[in-house]
Every structure is written in C-alpha cells, then in structure tokens.
Amino acid sequence: MRYEFEKIEKKWQSYWEEQDLYAVDDSGDNRYYTLEMFPYPSGKLHMGHVRNYSIGDVVSRFKRMNGSDVLHPMGWDAFGLPAENAAIKHKTHPNEWTWNNIESMREQLKRLGISYDWNREVASCHPDYYKWNQWLFLLLYKNGLAYKKRSQVNWCPSCTTVLANEQVISGECERCGSAVAKKDLEQWFFKITDYAQRLLDDLEKLEGWPDKVKLMQKNWIGRSEGASIDFSVEGLEQDIRVFTTRPDTVFGATFMCLAPEHPMCRDIVKGTGREEEFDAFLDGIKKMSELERTSNELVKEGVFLGRYAINPANGKRLPVYAANYILYEYGTGAIMGVPAHDQRDYEFATKYNLDIIEVVRPVAGEEAPEGQAYDGPGTMVNSGIYDGLDYTEAIERIVTDLERKGRGNREIKYRLRDWLISRQRYWGTPIPIVYCPDCGEVPVPEEDLPVILPIDIALTGMGDSPLAMSEEFVNTICPLCGKPARRETDTMDTFVCSSWYFLRFTDPKNTKAPFDRKKADAWMPVDQYIGGVEHAILHLMYARFFTKVLSDLGLCSCDEPFKNLLTQGMVLKDGAKMSKSKGNVVSPEDIIEKYGADTARLFILFAAPPERDLEWSDQGVEGCYRFLNRIWRLVEESTHVVANAGKIDSGHLNEEDREMLYVINRTVKKVTEDIKERFNFNTAISAVMEMVNALYQYKEDPGATPAVLKEGLTKLIVLMAPFAPHITEELWEMIGEAGSVHLQRWPSYKEEHLIRDSVTVVVQVNGKVRSRIQVHPGMKKEEMAQLALEDERVRAHTDGGTVKKVIVVPDKLINVVLGG
RNA sequence: GCCGAAGUGGUGGAAUUGGCAGACGCGCUGGACUCAAAAUCCAGUGAGGCUCAAACCUCGUGUGGGUUCAAGUCCCACCUUCGGCACCA
C-alpha cells in the first residue's frame, strides 16, 4: 500500500474536527498556553507562517502529550494598510477583501493540520473585537494615559494625504512621486513613557526571553541619567532648558543649540533680523528623514539665532544656534555645546569657529586622538572651584549647587517616546471621541460602544482621512449636551489590536468585558510565545506596556504577557527573503498539494534550528518526503511481525536486542531534550532518522526479536507525532493501536538501556588525534593515562620526547603533552 | 549612522559546559534490481600529499592577531551579509 498523504491528511483532519480534539476548557489544573503571533490576513499563507505555526504546533502537541491542558488559539490581525491599498488597486472593499482572505487562510491552516482550538478564533476587524479596543482606549483615556498633542506626519502635497513611512520611497510619495513634506497634526498618544522604568526593570524578570531581544528593548528604552540645566537668554523672559548626561562639563560650554523645530527658536530669533535665514534653514530640515538626521555622517550645520544665553555656572555669554543634529523628540530638544568633550559639538564648533575649552583632563595616555573630542573620565580643569575634582565627584557637586541656585536638577531621560496611535486611515478601529462645540473633547459613553466603522466608504488614496468624508459618520450628537457634534475621524494603530489579543483568547466570546479576570488569570502569562524577530521591539514593547496598564487597573494579575519567547528566523530562497518582487516565492499550497502537509512541516522544522534563517530547498523537501515514505514502508513491512509480538523479556536479550534498545532509548532521550530544552527540532528529527536507519538494519537481522521491533516502531510513531501529525495517526492505527496517537503519553526512556560496556576514548599527542582506545566507563584518570602511554600508535609519536604532562577528560579524551 | 544578529564541505546544517570538526539530510560518483526507466537498496564522498591498496601525514570553521595542553566555541581588531529604527505588520 502506497503512502497516500492526500487521503490520510483529509481523513484525520476530519476526525480531529469531529472529535474537537484540540478544544480546551478552563477547568484543567495543568494549563499551558502556546501562542504564535497572529497573522495579518494578506490572502495567502507564506512559508514564514508555515514555519511559525509548525514550531508552535510541535510545542503544543508535545506539551499535550506530556499531560498539559494546552491552549493553542488562532486569530487575525485584520486591520491595516494593505487592505486599503488592495481596495484602491482592485476596486474592492477592505472589508470584503479582508474577510475573503481570512476565509481562505483559515482553510490553508486547517490543511496544515495545526492543532488549534478554532472555537476561540478572533478577528480584530470584527466589531465584537474592536469594540474592546475602543473600550480599552477609553480606559487609558480616563486614567490619563491617552492624550493629544501636535506631531509631524509625512504629507504628500499632490495627493493631499498622509503617508506611512512605508509609502515614502527615498523622500518621494510611492504613488505619485512628489517630494514628501512634513506636516503638523493633532495626534493621539499613549503614555508609554510613564512605564519606561518598569519596562526596563522588568526585563530582568523575563528569564525565558532571548538576551538579544532584552538588550534591544533596553537600548530602545535608552535610559540616561543626568541633569537638566536652565540657561537664561539675554533680552528674553524664558530660559532654555537643556538635558545633559555630563553636567560636569558645564564650564566647557561655549555655545547652545536648539532643535530647529523647538518653538523657542522663533522667540529667540524674533527681532534680530535673522528670521529669514532661520526659516530657510527650518524648511530644509523638514525635508530630512530622521535616519538622515541621526546619522553620524551628517554634516553638522546650524544658524545663529542672534541672541546670547548665560552659562549659569560661570556667567559666560554663549551664542544660541538652531542646529540640524539636535532632535526635538529627545531630551529637551536643546543642548549646551561642549566641543572639547562631545564629538558632534566638536564638529559644529570647528565649522563655526567657536571656542573649544577643555574641562575634563584624562589620565596621561588616554587622550583623544587629534581632531576628536574626549568623552571619557578624568580630572576637572578650567572649572573654577571644581578644579582638581574627579569628574564623578564634580557631577554630584555641580548639580547640587545648580539645584541650590534653582538653575537645574537631577533628571533621568529615556530615548523611548510616547506611542503615537492615531492614523489618518480608514481600515482601523475608530477612536471613540466626539468633539462638541460647547463641551469640547468628549469620550463616547461605554454603552454606546462600539463606534461602528462604516462600510459604505469609497477609497481613493487621495485627500483627507476617508472617515472625514462620510457625513453620516462624522455628524453625531454630543453625549453630554445632545447638541450636534463631530466624531474623531482618526483610527487606531493596528498595534493596539495586537497588544491585548492574547488576553482575549482566554475569553473570546465575552460580551460584557474584553475578558474575564478569572479566565485571564487562569491562562496568563502565555507560556510560550513564538514569532518573527522583526517584532522584537515594537510589538513586544507595546504588548508589555498594555499588560502592565491592565494589571495596574485591576483587569488581570500578570504584568508581563509572555513568559517564554522564541524568535524565529526568516525563510529565504536563494539567499534572499521570499518576496513577489524578487520572484522567489514558494507557495505552501503547492508544496502541500505535491507532498502533503506532513512533509512541508517536517522540512521546515528539519532545515534549520528555529532561531536561524532558513534556506528553502526543493530537494530538501524531497528528502523529507522520502523519509516519511521510509517510515511508512518500515511500519507496513513489519505489521505481520509486530501483530503477534509479546512483551520484552529482559532476561533473554541478545546483543542485537541490547544495541537496538540502546538506540531506541537514546533517541527518546535526545528528542525529548531537543524539544523541551532547546527547541532544536532539526537535531531531534536527525536523531529519529538515525533510529529509522537502525530499525531497518535490525529488522533484517536474524537475531531480531519481534517484541523489540514493536517497541521501536511504537516509540518511533509517538516521537514523530508532533512533527508529522497525520501519517503518525494512520500508522498508529495500522499497527493495531487504539485511539488517537496525539492522546498518547510522551514516552520515557530507561537509564538501564543507556549504559554501555565500553566507551571510545580519543588519545591526542600535543593536541593531535593519534589513537583511540576502548575503556570501561568511569575508569580512573591514572589508569586511562597509563593505557594511553602504552598505546602503540601513541608511542610512535612520543618516542624521542619527554612526556611533560597528560591531561585526561574521563570517558572522553586523553592529551599527552610532550616537553622540549 | 545607531541598535541587534549571523558567517563551518559542492549544499542545508551538526558539534548542548573549551575536548574526535563535518552527525543527519540534500547533491554527486560507483554498483544492485529492471527489457528500460522511476522508485528502492548497497558502497563511497572536506582539500591536499604518499601509496597497487591499506595505513599514515599535512591543511582546514569569513580575515588578521591573541589566550590555552586543547579554540568553530573565549579575548582584541577588521570584513561581509541579514533584521529593527517608532505610520508595513
């Protein structure tokens, strides 16, 4: 009988669905929550999805077989820009396009045989879901964590529309090619910066996260300790406040710089006759991207604003500039220029002929190279009463003195910025705010939620936010006074949807609340979260922030959402990420069609460890298909032998039996450890391949015992079940076992079968392998050394030299070191 | 530019704690079966040297240095490729 994967996969998928095999309720006491990042429904599953879900499925099935009640849900991150683009391009509607995609992707997932509890499916574009997005927005709003402020967006003057960063291609609009400008808009923000310190501190709790992800998050938060210092400006009421991590260098300040966008620039330049020059400079700045602005290659440029500030430390007059290398978003958007001790300031000062005054003297030999600023430790000079102090001491004293004078204070700044959540887009969650001419900004009352996203909207990609054009949507009445009012027409960033979906999965059908606290507490935190490393910062940071807010407000107990995190690598073809434009896409559908889901899953797990990028290989897929066929034949050819096999009689085992049992037990151990401790599915599968090779040999051996063969085959099928769930069900039935293989207990191994009579020890002379000897395990070091020195091959290399020492690693290696 | 990774045969990768580099798979070569092919099975396969052959020897984990009895693994410098950079998700 041939391995007919089409029939087998269909058969067992129906069986699982009839039995509702992967449904889980909340009553178990051994709960385990596996979660893969829910996909954007782009239309078709790609290999990255297959990889993500295959990894999650192995973990889920493995945990289930080890006795856990596994929650393994799936849903759709269904709002976003591609739906609008598709709607414009194909004259369809985002709603229709998205739901069609969900429909077909769900079918594809089912054909992959992933063990989801489909009863818990959610889609973020459904009012049942986004209602709670709005509810949570209001919760944050009421708690002072959502606010509006002006912020810049990319603006295409020809399409008169806001552009996403992605739609800006080297400074031009992707649709019409016009130069993209910056435009100020009132935008909604979430106050993630309130949580900066906790997001930083709690990284330490996340023992199950990769260090690299924690490090990236830490750098993203970017905590720096320092001081704010106020500089007064001649002829102006208002002070310039700067932030510096090096207040010890305040005596070395020779100029000041503000970000050109800083509102004070205009006040300072006013009446100095330099307004035009400044305006021209600001225009130029607005055309630059942030990447260009922060580049070290950036030529430091600025304009003098015509006034002088006073250094509060020594009373010196400092010229005030607007400069391109100062970012309005970071710190206070203004700096004191200390060219001797900051490279960027040094370059600026050199260009504009400003003084360079050394105030921190390094120890001899540590000086900066010619033409560079010195930013290391040292002793204070040219700093009045602070001369001679170590710079750390100077930081303390200078800040204390500034505080006393009311000219500054200690401060901690973060690079992390508040989360801009409003989008001038259609396909997203409407922000539930109403603007009333009398009452102002009014939140939509809870009982009026959801604010439904209207479906009858035409998209053009031009002009204002599409919602602003719908009179029916915009015009409403004020919830407070009942007079005519207008709705907020911005929608929410889709990251809002993905910042709490893992909580919704614990209680997906709740109509009274986003989720029930008891249910959330039962399942959270997610035990194993799996997704692409490209989400290492934004999504994971936002999800952590949301969970902390919800925890603080008493909606759930956990304040970190993901206990363990696995970041998977990308799927490449010919060394590049699969993409339509490169024409190197391999469709999962085609592979399933040709070889079956089990082969597709097996290959993607076998080809590379999950954290690494994976190179797609059609021939590698063939290899995995061959391997499944090999297992199929092995079991099929053995059914008659196994049918009458009794129990293993441990008193009557021959050498072949003992060797076979050793391989079986070694494999069980290896596969268990590779899945549980390292997620190294590739080596787990290799180990099973070796076992299959051994079983083939054993089967042909005249000394083979049916009971041992049966032991090998049942272990083989059960070990393969998480990787290839369909074929293993069929084989399980074929060898006469009852019930689903996925309900079997994960096998254990017996130590007694792992004990060997002798082990091979490598003997090196001066670090080069010269011989091998057989020893009993656990032999004493001295005895091993003696054996090695007596070895003929070793003596051929030691003759004529004197043995300096012998290094012995028990049961493994001996290194004879010759002197001379 | 900044932050974070990765680099091992013809190829995907293995080597888990500093201890035999190349497990397992693919490809390739030779053979068996076959009228023939496919499928399957068996054997070989890092490079070079020596040899009828075996044995044996040398080199070898991006590059250059270093630490160590011993380095793919640790340290320093560099090169290349990839991911993220806040409105793609």
Side-chain angles (χ1 to χ4, degrees), chain A residues 37-40 42 77 79-82 85 153-154 162-168 187 192 210-213 215-220 222 290-298 329 416-425 493-495 497-498 532-539 541-542 567 569-570 572 575-577 603 606-609 611-624 626-627 629-630 633 673-674 677-678 680 682-683 685-690 693 696 760-770 772 793 796 804-807 809 812-818:
Chain A
M37 291 178 182
F38 67 163
Y40 178 78
S42 54
D77 189 9
F79 276 136
L81 189 60
N85 288 338
V153 292
N154 299 311
V162 172
L163 298 177
N165 286 344
E166 195 195 42
Q167 298 173 301
V168 181
Q187 306 249 52
I192 192 173
D211 287 338
K212 62 170 178 180
V213 174
L215 190 56
M216 279 191 264
Q217 292 223 343
K218 184 183 169 204
N219 292 336
W220 188 259
E290 180 150 337
L291 225 69
E292 290 174 282
R293 286 282 293 278
T294 52
S295 163
N296 273 11
E297 308 282 279
L298 176 82
E329 286 81 16
L416 182 70
R417 308 201 293 253
D418 274 339
W419 174 11
L420 196 169
I421 62 137
S422 46
R423 300 286 182 268
Q424 293 68 48
R425 297 276 174 66
D493 180 4
T494 58
F495 273 124
C497 308
S498 56
V533 69
E534 65 272 18
H535 297 287
I537 296 177
L538 293 179
H539 162 59
M541 187 79 77
Y542 294 146
T567 51
M570 288 183 311
L572 311 177
K577 189 175 177 172
F603 169 74
F606 177 64
E611 302 230 335
R612 287 253 292 257
D613 286 349
L614 180 153
E615 178 70 32
W616 183 267
S617 151
D618 290 332
Q619 284 168 334
V621 179
E622 296 252 11
C624 287
R626 275 209 286 269
F627 174 58
N629 274 288
R630 219 167 126 71
R633 286 195 305 271
E673 288 173 357
D674 277 353
E677 281 153 36
R678 309 198 300 153
N680 279 14
N682 55 332
T683 50
I685 294 165
S686 299
V688 177
M689 286 174 171
E690 287 179 84
N693 293 342
Y696 262 103
T760 305
V761 168
V762 169
V763 186
Q764 301 179 329
V765 178
N766 282 343
K768 291 201 166 91
V769 181
R770 299 300 183 188
R772 280 155 224 277
R793 288 177 224 237
K804 202 161 99 187
K805 60 176 161 178
V806 181
I807 284 152
V809 183
K812 244 185 193 165
L813 172 139
I814 299 161
N815 189 9
V816 179
V817 185
L818 301 181

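Convention: sequence-line order gives letters A, B, ...; per-chain numbering from 1. This is a predicted model, so every value here is computed, not measured.
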Please state the [atom1] separation for the pair [N] and [M] - nearest whole angstrom.
N      : M      : atom1 : answer
G49(B) : G44(B) : P     : 22 Å
G72(B) : A21(B) : C1'   : 8 Å
U51(B) : C41(B) : P     : 39 Å
U81(B) : U29(B) : C1'   : 33 Å

Whether [X] contacts [N] is assessed here as follows: a side-chain N or O lying under 4.0 Å from the phosphate OP1 or OP2. Is that the case?
X         : N      : answer
Asn219(A) : G4(B)  : yes
Arg678(A) : A15(B) : yes
Arg626(A) : C26(B) : yes

Find every protein N or O atom lying less than 3.5 Å from an N or O atom of nucleotides 41-43 of chain B, and list the pairs.
| unit_1 | atom_1 | unit_2 | atom_2 | d |
| --- | --- | --- | --- | --- |
| C41(B) | OP1 | Arg630(A) | NH1 | 2.5 |

Once you apply a heavy-atom cut-off of 4.0 Å, does Leu81(A) come out as touching a base, just sugar-phosphate, or nothing?
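Contact class for Leu81(A): sugar-phosphate only.
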Contact state string [nucleotides 8-13 of chain B, B base, S sugar-phosphate only, - no protein heavy atom under 4.0 Å]
----BS
Parallel, tilted or perpendicular, judged at 30° and 60°: which one describes the rings of Trp616(A) and Phe603(A)?
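Judged by the thresholds at 30° and 60°, the geometry between Trp616(A) and Phe603(A) is perpendicular.
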Is a side-chain donor or acceptor of Gln187(A) paired with a backbone partner of Ile421(A) at a separation under 3.5 angstrom?
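Between the backbone of Ile421(A) and the side chain of Gln187(A) there is no qualifying donor-acceptor contact (under 3.5 Å).
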Need the glycosidic conformation of G9(B): syn if within 90° of 0, anti if not. Which one?
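Syn.
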Using whole Å, report how far CD of Glu677(A) lies from C1' of U17(B).
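Distance, rounded to whole Å: 14 Å.
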Could you please name the partner base of G4(B), counting Watson-Crick and G-U wobble pairs only when both distances are under 3.5 Å?
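G4(B) is paired, partner C82(B).
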